[in-house]
Amino acid sequence: MIYGTTAKILRVDLTSSTIEVEELSEDFFRLYPGGKALAGYILLTEMTAGVDPLGPENVLVLASGLLTGAPVSTTPRYVVSARSPLTMGYGESEAAGFWGPELKMAGFEAIVIKGRAEKPVFLWIKDGEAEIRSAQHLWGRLAAEVQTTIRTELGDEKIRVLQIGPAGEKMVRYAGLTNDLRHFNGRNGMGAVMGSKNLRAVALRGSNRYQKLAYDADRLKRLGRKIAQAVPKTASSWSLQEHGTPVLVEPLSKAGILPTRNFRQGEFDGVDGIKIETYESQALIGRRSCYACAVSCKREVAIDGEPSEYGGPEYETIGAFGSDCGVGDLQSVLKANELCNAYVMDTISTGATIAFAMECFERGLISLEDTGGLELRFGNAEAMLTLVEQIARREGFGDLLAEGSLRAAQKIGGDALRYAIQVKGMELALHDPRGKYNVGLGYAVAEIGADHLVVPHDPSLADPESQTFKDARALGITEAAPSRSLSDVKVQHFYILEKLTSLEKVIGFCFFGPAPRSLILPEEVQEAINAATGWDLSIEEMLQIGERATNLARLFNQREGFSRQDDVLPERMYEPLENGALQGESMSRQEVEHALSVLYRMKGWDEDSGMPTSEKLAQLNLGWAADLVD
Ligand code: SF4
């Protein structure tokens, strides 16, 4: 037995309708122990360069993390990975909820899906057995109906359903996946990849508890209890339980970094309509959690007095459909969120692409004729909601926006590219790097495009007296640095923290788990891994697992022709903010370029190409990969 893992991968070829089970070796598990590392290895070794992301040759990997399903708060995550139809590079999206733990309970670490089914299908997996079933009766239906139908058909209300929606079927380039209707693999268009394979859902049921896999289940349980007890004593975790991520809206507006009207402004004049007090008085009807998590940050809402079948909007969604589209009406934001959840599309890219179109309309780059009569001005909530549906169905003007802001800008022409707020084709999340410089560095270098979950955000290491800074010392961080700095100290923060965040994506931790973002100390992450596996990893060795996973993703992009030239921030980040506490402030192109050079050197990447050197690959036991990218 290899502790901490089922050591099994389910392999499904939809073209030939064949299913196989692969056993993993202990040596392999040591290097690629789950999630991002496992997915990165498979994508790099089982695909060649240049495959069509929406063709049958693309490989879709659904992988739980090493700790996914352990009795430790914030560890239910799994990753969905493939070549991205949005960025054309390494694609990846994580989600929490219940599906990842259930995959392990059903007996598998990961599912690797190849080919394309002739007709719509879904996968049904129960305790080590798998079958491909027809999904023709599910095609075109909204997510809630599909989940109910699958559970009824299979006669079990506890089945965990991971699915795409109609947006994935239509291959909207930022379509996502959802599990339990409330947890989303939103980013990077993984839903479009699954849709291109005619695969609507993967339904699971398993009965093997994680504890049976663990080397020291009692130690893991004791650690889990200790962490759960720390939740009410940790300010950031308690705030997540009390108010969830929507609590960020007003403070970020006051700080001048709430992306507003397509990132032109940092303070939103309509913030009262979407701030936490409005959310809690108008919409909140309950709180929920993910598997075995004591943080319980998920929200339940009612829209126009009716309980929604889907979860309430997170901060990112409120920013995308609220301030970034200039909409200060919570009910409209709730509806946009529900539509995206029902059709299963990324709320960030959907809102940001509409905000981009609004700016193009106001600047005269597109007309009423282009939009089919929609007055696409900032603040027009009705037009925004119409467009969300049009995008999901690829109808009217929505068909162009379903391609994402970069491709839409290329089609619109003129200055439009300037207003597409994206990196590598993926739209920025709702955090303005002009107030958090390391978030900007993350947007620039992340292999998947403008991801906001690359490092804990800058304020956590700005104050040397803060608990968050003290918690980071065990990672090797010794000096604090302000949020609006790209000094070498700041780049070193990035270098260390990126390894930690990447590790989280390998082992299944949610971004709201480990310190310095949250409550679980580096020593506790280390203890959890060692208790699960029986290993004796040091913190440095643990971080190297994360570093290896990042380098695999980087190599994938190198093979697809990416280089330093793709690690660029949108032009807007070098333009001054128009209002708010940071009015007139922008990033400096020179500083960003300097920081990139410093970062590449720290990472052991070539300064000109931005790609891993052979020495770095050898150090990470990835020497074998050099031949694949030549
Ligand atoms: S912190 Fe929130 S999102 Fe993360 S696992 Fe817990 S409940 Fe889920």
Side-chain angles (χ1 to χ4, degrees), residues 34-36 64-80 93-104 160 162 176-187 210 220 223-248 276 279 284 286-301 310-318 337 341 346-348 429-430 451-453 456-457 460 468 500-501 503-521 524-525 528:
K36 183 183 175 111
S64 63
L66 190 158
L67 289 168
T68 304
V72 177
S73 291
T74 77
T75 59
R77 284 207 147 200
Y78 63 95
V79 63
V80 179
S93 187
E94 285 85 14
F98 296 84
W99 190 88
E102 197 80 19
L103 176 63
K104 266 204 148 89
R160 300 297 180 187
L162 174 69
L177 287 79
T178 178
N179 80 82
D180 271 36
L181 309 180
R182 282 163 178 77
H183 313 278
F184 297 89
N185 302 90
R187 310 237 67 194
Y210 188 93
L220 205 52
L223 178 67
R225 213 175 297 128
K226 181 178 153 204
I227 289 167
Q229 284 163 357
V231 169
K233 299 175 205 150
T234 311
S236 59
S237 306
W238 189 241
S239 167
L240 279 171
Q241 180 165 127
E242 283 272 277
H243 302 296
T245 56
V247 77
L248 293 171
I276 190 68
Y279 190 106
L284 186 72
R287 294 171 173 80
R288 276 208 192 194
S289 193
C290 299
Y291 180 84
C293 183
V295 177
S296 304
C297 73
K298 313 299 284 189
R299 310 287 101 174
E300 293 289 295
V301 293
Y310 305 90
E314 300 282 348
Y315 161 75
E316 300 293 336
T317 307
I318 302 170
N337 178 60
N341 293 353
D346 179 24
T347 55
I348 298 174
L430 281 297
D451 181 14
H452 62 297
L453 302 178
H457 292 193
S460 56
T468 47
L500 176 73
T501 310
L503 172 80
E504 291 166 19
K505 294 172 184 175
V506 175
I507 62 177
F509 265 112
C510 164
F511 194 65
F512 299 143
R517 166 63 183 83
S518 200
L519 80 162
I520 304 174
L521 300 173
E524 291 171 331
V525 175

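Both ligands and their constituent atoms are indexed starting at 1 by order of listing.
When heavy-atom distances to ligand 1 are checked against a 4.0 Å cut-off, S73 has no atom that comes that close, whether in backbone or side chain. At a heavy-atom distance under 4.0 Å, only side-chain atoms of C510, from C-beta outward, approach ligand 1.
Annotation for ligand 1: atoms under 4.0 Å from non-hydrogen atoms of V295 are 1 (S). Proximity to S289 (heavy-atom distance under 4.0 Å) selects the following atoms of ligand 1: 7 (S). Taking every heavy atom of P76 and a limit of under 4.0 angstrom, the matching atoms of ligand 1 come to 5 (S).
Salt-bridge check for K298 with D180: failed, with every basic side-chain N at 4.0 Å or more from each acidic carboxylate O. A salt bridge links K226 and E524; the closest N-O separation between the charged side-chain nitrogens and carboxylate oxygens is under 4.0 Å. One finds a salt bridge joining E300 and R288 here, because a Lys/Arg side-chain nitrogen approaches an Asp/Glu carboxylate oxygen to under 4.0 Å.
Within the 2.8 Å limit, C293 places at least one N, O or S atom next to atom 6 (Fe) of ligand 1.
Looking at V525 and L503, their side chains come closer than 4.5 Å, going by heavy atoms from C-beta outward. Contact check for F512 versus C297: side-chain heavy atoms found under the 4.5 Å cut-off.
Nearest protein neighbour of atom 2 (Fe) of ligand 1, counting heavy atoms only, is C297 SG, 2.3 Å. At the top of the distance list for atom 8 (Fe) of ligand 1, counting protein heavy atoms only, stands C290 SG, 2.3 Å.
Using a distance-only test at 3.5 Å, with no hydrogens or angles considered, a donor-acceptor pair links the side chain of K104 to the main chain of G65.
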